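The structure appears below as structure tokens.
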Amino acid sequence: MASWQHAYWELLSRDYLRSLTVSDLTRSWRRRLTVPPPGEELWVAVTEDAVIAFCAAGPARDNRAWDGYAGEITYLYVHPSMVGRGVGTALMGFALGKLERRGCVWAEVAVLEGNHRARRFYDGLGMRFGGARWVDPRFEVPVIRHERALNAVVDFDSIRVESAR
Ligand SMILES: CC(C)(COP(=O)(O)OP(=O)(O)OC[C@H]1O[C@@H](n2cnc3c(N)ncnc32)[C@H](O)[C@@H]1OP(=O)(O)O)[C@@H](O)C(=O)NCCC(=O)NCCS
């Protein structure tokens, strides 16, 4: 809840963000963890006494062309008091590695267009804006997709060199 409010204060309705409660979120997360979306896994980063970040990933929801081969980071939230210390990078390394081991060759993440910090973070991990942009129907704000290949097995440069000979 703190991460949402911190990250989205300038981007989403403040009335909505103020209306979030720990008990509502606990209830909805309990439901989601009991019956997770097919193929979704979730990881948490913890200190001795608290969860400080979580990340979830699963099959890409909107990528029919790469069905079975594209994975999506569905959640990545670090507590505001812990940002900039490498926790997000560590969770992403874990999640992308897991997608790769499940046979995914492509990874994507949807991010609010105005969430510049997160977009810089994904850029730094090689996940670039790939051109997809839409308006979130619930919050009516623009969302874009950052994406990258995983474990590329085809070296397109060498193929071009070979065929030019
Ligand atoms: C975006 C987000 C997930 C990034 O996680 P994070 O833990 O802050 O990221 P990291 O600390 O791993 O990396 C951020 C920066 O800190 C640097 N860093 C990494 N390890 C570090 C360390 N041990 N000490 C200091 N800095 C470090 C990274 O190089 C990176 O540098 P950059 O500013 O050039 O990108 C986090 O800021 C967050 O939860 N934001 C709010 C929610 C959100 O927007 N989620 C994304 C939804 S799509």
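Atoms within each ligand, like the ligands themselves, are counted from 1 in listed order. The model shown is predicted, which means the values in this text are computed figures rather than measured ones. Count residues from 1 along the sequence.
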For this session: Please determine if Tyr8 has a nitrogen or oxygen closer than 3.5 Å to a nitrogen or oxygen of ligand 1.
Result: no

Exercise. Has ligand 1 got any nitrogen or oxygen that is less than 3.5 angstrom from a nitrogen or oxygen of Met82?
Worked result: no

Problem set entry | Check against salt bridge (charged side-chain N to carboxylate O under 4.0 Å, His left out), Arg27 and Asp24 | CA-CA 5 Å; Arg27 235 190 327 273; Asp24 285 350; 2.7 Å; yes

For this session: Measure from atom 33 (O) of ligand 1 to the protein's non-hydrogen atoms and state whether any distance is below 4.0 Å.
Result: no

Problem set entry | Sub-4.0 Å atoms of ligand 1 with respect to non-hydrogen atoms of Ser3 | 39 (O), 41 (C), 42 (C)

Exercise. If you measure from the Lys or Arg side-chain nitrogens to the Asp or Glu carboxylate oxygens, is any gap between Arg61 and Glu108 under 4.0 Å?
Worked result: no

For this session: Heavy-atom distances under 4.0 Å are what count here, so tell me which part of Phe54 touches ligand 1: side chain, backbone, both or neither.
Result: neither

Problem set entry | Protein contact to atom 48 (S) of ligand 1 [nearest heavy atom, distance to 0.1 Å] | Tyr122 OH, 3.4 Å

Exercise. Tell me, do Val135 and Val141 make a side-chain contact under 4.5 Å, heavy atoms counted?
Worked result: no

Problem set entry | Residues Asp123 and Arg120 bridged, charged N to O under 4.0 Å | no

Exercise. Touching ligand 1 at all, Arg117? Heavy atoms, strictly under 4.0 Å?
Worked result: yes

Exercise. Going by distance only, is there an N or O of Gly86 that falls short of 3.5 Å from an N or O of ligand 1?
Worked result: yes

For this session: Go through the steps to decide whether Thr21 and Thr26 satisfy the test side chain to side chain contact (heavy atoms under 4.5 Å, CB included), and finish with yes or no.
Result: CA-CA 8 Å; Thr21 66; Thr26 305; over 6 Å; no

Exercise. Looking only at N/O atoms, are Tyr77 and ligand 1 under 3.5 Å apart anywhere?
Worked result: no

For this session: Please report which non-hydrogen protein atom sits nearest to atom 12 (O) of ligand 1, along with the residue it belongs to and the distance in Å to one decimal place.
Result: Thr89 OG1, 2.4 Å

Problem set entry | Heavy-atom side-chain proximity of Glu40 to Thr74 below 4.5 angstrom | yes

For this session: Inspect the surroundings of CZ in Phe54 and state if more than 12 heavy atoms from other residues, nucleotides or ligands are less than 6.0 Å away.
Result: yes

Exercise. Do Phe94 and Trp43 have ring centroids that are under 6.0 Å from one another?
Worked result: yes

Seminar exercise, completed: the protein heavy atom lying closest to atom 9 (O) of ligand 1 turns out to be Phe121 CE1, 3.4 Å

Exercise. So do Tyr16 and Arg138 actually touch side chain to side chain, heavy atoms under 4.5 Å?
Worked result: yes

Problem set entry | Pair Phe121-His116, side chain to side chain contact (heavy atoms under 4.5 Å, CB included): steps then yes or no | CA-CA 8 Å; Phe121 170 78; His116 298 294; over 6 Å; no

For this session: Check the pair Arg133, Arg145 against side chain to side chain contact (heavy atoms under 4.5 Å, CB included), reporting the backbone distance first and the verdict last.
Result: CA-CA 7 Å; Arg133 181 182 187 274; Arg145 186 178 294 139; over 6 Å; no

Problem set entry | Verify atom 5 (O) of ligand 1: protein non-hydrogen atom under 4.0 angstrom away | yes

For this session: Answer side chain, backbone, both or neither: which part of Asn115 comes under 4.0 Å from ligand 1, heavy atoms only.
Result: side chain

Exercise. Mind checking whether Val44 and Leu42 have side chains closer than 4.5 Å, heavy atoms only?
Worked result: yes

Seminar exercise, completed: Closest non-hydrogen atoms of Ile73 and Leu99, given as atom of the first, atom of the second and distance, are CD1-CD1, 4.3 Å

For this session: Give yes or no for whether the N/O distance cutoff of 3.5 Å, strictly under, is met between Val111 and ligand 1.
Result: no

Exercise. For atom 28 (C) of ligand 1, is some protein heavy-atom partner under 4.0 Å away?
Worked result: no

Seminar exercise, completed: For atom 45 (N) of ligand 1, the closest protein heavy atom turns out to be Leu76 O, 2.8 Å

Exercise. Within the side chain of Arg148, is there an N or O that forms a donor-acceptor pair under 3.5 Å with the backbone of Leu125?
Worked result: yes

Exercise. If we only count N/O pairs under 3.5 Å, is Ala90 in contact with ligand 1?
Worked result: no

Exercise. Are His146 and Arg119 close enough that a side-chain donor and a side-chain acceptor fall under 3.5 Å?
Worked result: yes

For this session: Find all atoms of ligand 1 within a distance of less than 4.0 Å from any non-hydrogen atom belonging to Val83, and give their numbers and elements.
Result: 8 (O), 36 (C), 37 (O)

Exercise. What is the closest protein heavy atom to atom 7 (O) of ligand 1, and at what distance does it sit?
Worked result: Gly88 N, 2.7 Å

Problem set entry | 4.0 Å heavy-atom contact, Trp4 with ligand 1 | no

For this session: Examine the proximity of ligand 1 to His6 and report which part, side chain or backbone, both or neither, has a heavy atom under 4.0 Å away.
Result: neither

Seminar exercise, completed: The protein heavy atom nearest to atom 23 (N) of ligand 1 is Arg85 O, 3.2 Å

Exercise. Charged N to carboxylate O below 4.0 Å: is that the case for Glu147 and Arg128?
Worked result: no

Problem set entry | Heavy-atom nearest neighbour in the protein, as seen from atom 38 (C) of ligand 1, with distance rounded to 0.1 Å | Val78 N, 3.9 Å

For this session: Please confirm whether Gly84 comes within less than 3.5 Å of ligand 1 when only nitrogen or oxygen atoms on both sides are compared.
Result: yes

Seminar exercise, completed: Under 4.0 Å from one or more heavy atoms of Ala110, ligand 1 contributes atoms 48 (S)

Seminar exercise, completed: the protein heavy atom lying closest to atom 41 (C) of ligand 1 turns out to be Ala7 CB, 3.5 Å

Exercise. What part of Ala53 sits under 4.0 Å from ligand 1 if we count only heavy atoms: the side chain, the backbone, both or neither?
Worked result: neither

